[in-house]
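Below is one structure, written out as structure tokens, with a few remarks after it.
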Amino acid sequence: MQQALIDSLRGSFQGRLLHAEDDVKPFLSDFRKRWTGTTLAVVQPDSTEDVAAVVRWCVKNNVTIYPQGGNTGLVGGNIPDSAHTPNIVLSLQRMNRILEVNPYNNTLTAQAGAVLQHVQEAAAREQRLFPLSLGAEGSCTLGGNLATNAGGIQVLRYGNARDLCLGLEVVTADGEIWNGLRGLRKDNTGYDLKHLFVGSEGTLGIITAATVKLYPQPAAQMTAFAALPDAQSAVRLLALAQQQLSASLTAFELICGASVQLVLKHAPQMRNPVATDAPYYVLLESSDAEGEAHAAERFEHLMSTAFEDGIILDAAIASSLSQSATFWQIRHHLPEAQAADGENIKHDISLPISSIPEFIERGAAAVQSKLPGGRIFVFGHLGDGNLHYNVSAPAGSDAAAYQAMRDNEKTISRAVYDVVTQMNGSISAEHGVGQLRVSSIAHYKSPLEIAMMKRIKQALDPDNRLNPGRVIAPPHSL
Ligand SMILES: Cc1cc2nc3c(=O)[nH]c(=O)nc-3n(C[C@H](O)[C@H](O)[C@H](O)COP(=O)(O)OP(=O)(O)OC[C@H]3O[C@@H](n4cnc5c(N)ncnc54)[C@H](O)[C@@H]3O)c2cc1C
């Protein structure tokens, strides 16, 4: 039966089909090795028409579809579910062509499987900037970025993937092709359908290509790494930087002292850019159109005002692009350092920026009530009110203590999310829902919001064929 399905599927489209155990293995577990799945086959179409043909074959044979890009997602939406068989992984990786860079319209159109870094490089070759930037940019794909509405380090200035998207091409759940690849900044002709698919995590349609916004490349970039006495000072520094640099401020990352120590422990070749041990650090960057001297003057003025006002204890300003890269390495190495340190419970939350210092205190109390001695690693995109708030077992824990933390994960996360919700925050800022947070969003969103989401799912994917079990819990009937 399985072989007959594979043979029939192979004949239905032009691209590559993988089904040998070793070939499909890399597509069946995630970056953190937290989820594994099973599949009939991994299908890698070469064209949009191929994607549509595969979807129509799945409709005919009642097979479910798990779309996948670079497989860097952190919430398990990218991994097929053993509960929904037979299924295929529909991998967009071979559809990776840049179709057009238009420097006059400031747009780029690419197939969904184009790797984010290649999209950035294609824009740069035309002296343009595609500003979406995140730690996984060497592997994640444009389609995956849009499907998850990815954020990253420059949202503060340029917005998230949704803000950068002008048009989409999508294969619907019944195998039709919608060509919405418009490079328009204004288009008020009814419901803006692309926004349904952005952030839908592959549950409403398969993104096969996208048109995105480009910007002029900055003439000068300044980066600083600053030590701060507390989280409130980070909020004050952000306000001061926004006041003095306005739109030039492109990144503002908070890193707690424990997180910096963790990176230095697991990557001893790295150095803390400042000599001062502090409870918090901020990595901030500005991008100017007006040249280096002007940028340096404004940036140095900002840092000296912050120092005089007692907002920062110490700071290092990068004197070259390579020094700036070493500052960023500390930030980018955090996920790896955490993985090397043992398991942790990840939370990707957002809050009103002004509430963040209070949240850090209340969140710590909530964690300690459920996991006494638990270690908290806080870092993230403070400029967007987005914290990665990760909880680890107490220092020196043995395997049994880690198991106890795992068993208690839901209770610990609920304690954190209760505080987030009481403070008008969101329990998923940029990573999405996937399978990790399906029950949590059902708990925290209002019944009306969940009902509207189910109606949209029901309208666009009535057979629950696309990424079932992700984002909203079945059944999707009204
Ligand atoms: C080291 C590291 C750092 C990260 N940093 C950030 C960060 O700063 N900000 C951030 O937002 N995220 C971050 N992420 C998460 C991740 O990189 C992003 O979510 C990324 O956008 C996923 O892209 P992908 O191509 O890997 O998608 P995948 O992981 O393959 O898929 C993610 C989801 O999108 C769906 N999907 C993928 N492609 C398509 C498509 N063409 N059509 C429809 N659905 C599709 C999948 O079904 C799945 O639900 C990070 C991840 C890692 C490993």
Side-chain angles (χ1 to χ4, degrees), residues 135 151 153 156 223-238 241 251-267 270-285 306 311-316 327-368 371-395 405 412-413 415-416 419-420 423 425 429-431:
I153 57 176
L156 179 61
T223 314
F225 199 91
L228 291 90
D230 48 38
Q232 184 61 41
S233 299
V235 173
R236 287 178 64 205
L237 181 60
L238 174 63
F252 195 96
E253 300 285 309
L254 179 76
I255 314 175
C256 76
S259 297
V260 171
Q261 294 310 324
L262 198 70
V263 169
L264 301 181
K265 177 177 163 197
H266 292 285
M270 292 190 194
R271 293 273 166 273
N272 186 340
V274 294
T276 308
D277 275 338
Y280 288 95
Y281 296 90
V282 161
L283 177 56
L284 68 159
E285 194 159 271
I311 296 174
I312 62 174
L313 303 169
D314 194 359
F327 292 4
W328 277 104
Q329 264 175 9
I330 293 182
R331 170 66 182 87
H332 290 317
H333 200 73
L334 272 160
E336 269 178 61
Q338 286 234 278
D341 200 61
E343 255 173 274
N344 57 81
I345 305 174
K346 292 195 189 305
H347 307 98
D348 161 44
I349 56 178
S350 73
L351 290 145
I353 293 166
S354 53
S355 307
I356 281 179
E358 182 188 340
F359 167 79
I360 289 177
E361 278 187 22
R362 288 177 60 181
V367 169
Q368 294 308 322
L371 183 69
R375 291 170 299 150
I376 300 169
F377 297 91
V378 188
F379 57 94
H381 317 296
L382 184 78
D384 316 322
N386 176 190
L387 294 182
H388 301 311
Y389 189 83
N390 299 342
V391 178
S392 290
M405 180 182 81
I412 296 166
S413 291
V416 172
V419 179
V420 171
M423 298 183 70
E430 60 176 9
H431 293 162

Who passes side-chain hydrogen bond (donor to acceptor under 3.5 Å, both in side chains) against Thr223, sequence neighbours left out?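 Thr223 satisfies side-chain hydrogen bond (donor to acceptor under 3.5 Å, both in side chains) with Glu285, Ser324 once adjacent residues are dropped.
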Contacts of type side-chain hydrogen bond (donor to acceptor under 3.5 Å, both in side chains), residue His266, not counting sequence neighbours: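 So His266 forms a side-chain hydrogen bond (donor to acceptor under 3.5 Å, both in side chains) with Asp341.
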Name the one of Val263, Val260, Ile255 that satisfies side chain to side chain contact (heavy atoms under 4.5 Å, CB included) with Arg331?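 That would be Ile255.
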With no hydrogens and no angle check, do the side chains of Asn344 and Ser392 hold a donor and an acceptor under 3.5 Å apart?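 Distance-only check fails for Asn344 and Ser392.
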Show your working on side chain to side chain contact (heavy atoms under 4.5 Å, CB included) between Asp384 and Ser350 and close with a plain yes or no. CA-CA 8 Å; Asp384 316 322; Ser350 73; over 6 Å; no
CA sep, side-chain torsions, deciding dist, call: Val378, His388, side chain to side chain contact (heavy atoms under 4.5 Å, CB included): CA-CA 6 Å; Val378 188; His388 301 311; over 6 Å; no
Are any non-hydrogen side-chain atoms of [X] and [Y] less than 4.5 angstrom apart?
X	Y	answer
Met405	Ile412	yes
Ile376	Asn390	no
Tyr281	Asn272	yes
Ile153	Trp328	yes

With a 6.0 Å cut-off on the ring centroids, do Phe379 and Tyr389 count as close?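 Ring centres of Tyr389 and Phe379 not closer than 6.0 Å.
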More than 12 heavy atoms of other residues, nucleotides or ligands under 6.0 Å from CD of Gln368: is that the case?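 Enclosed.
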Quick one: closest heavy-atom pair of Leu382 and Leu254, and the distance?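 In this case the closest contact between Leu382 and Leu254 is CB-CB, 3.9 Å.
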Would you please name every residue forming a side chain to side chain contact (heavy atoms under 4.5 Å, CB included) with Ser355, sequence neighbours left out?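 For Ser355, the residues satisfying side chain to side chain contact (heavy atoms under 4.5 Å, CB included) (neighbours in sequence not counted) are Pro352, Met423.
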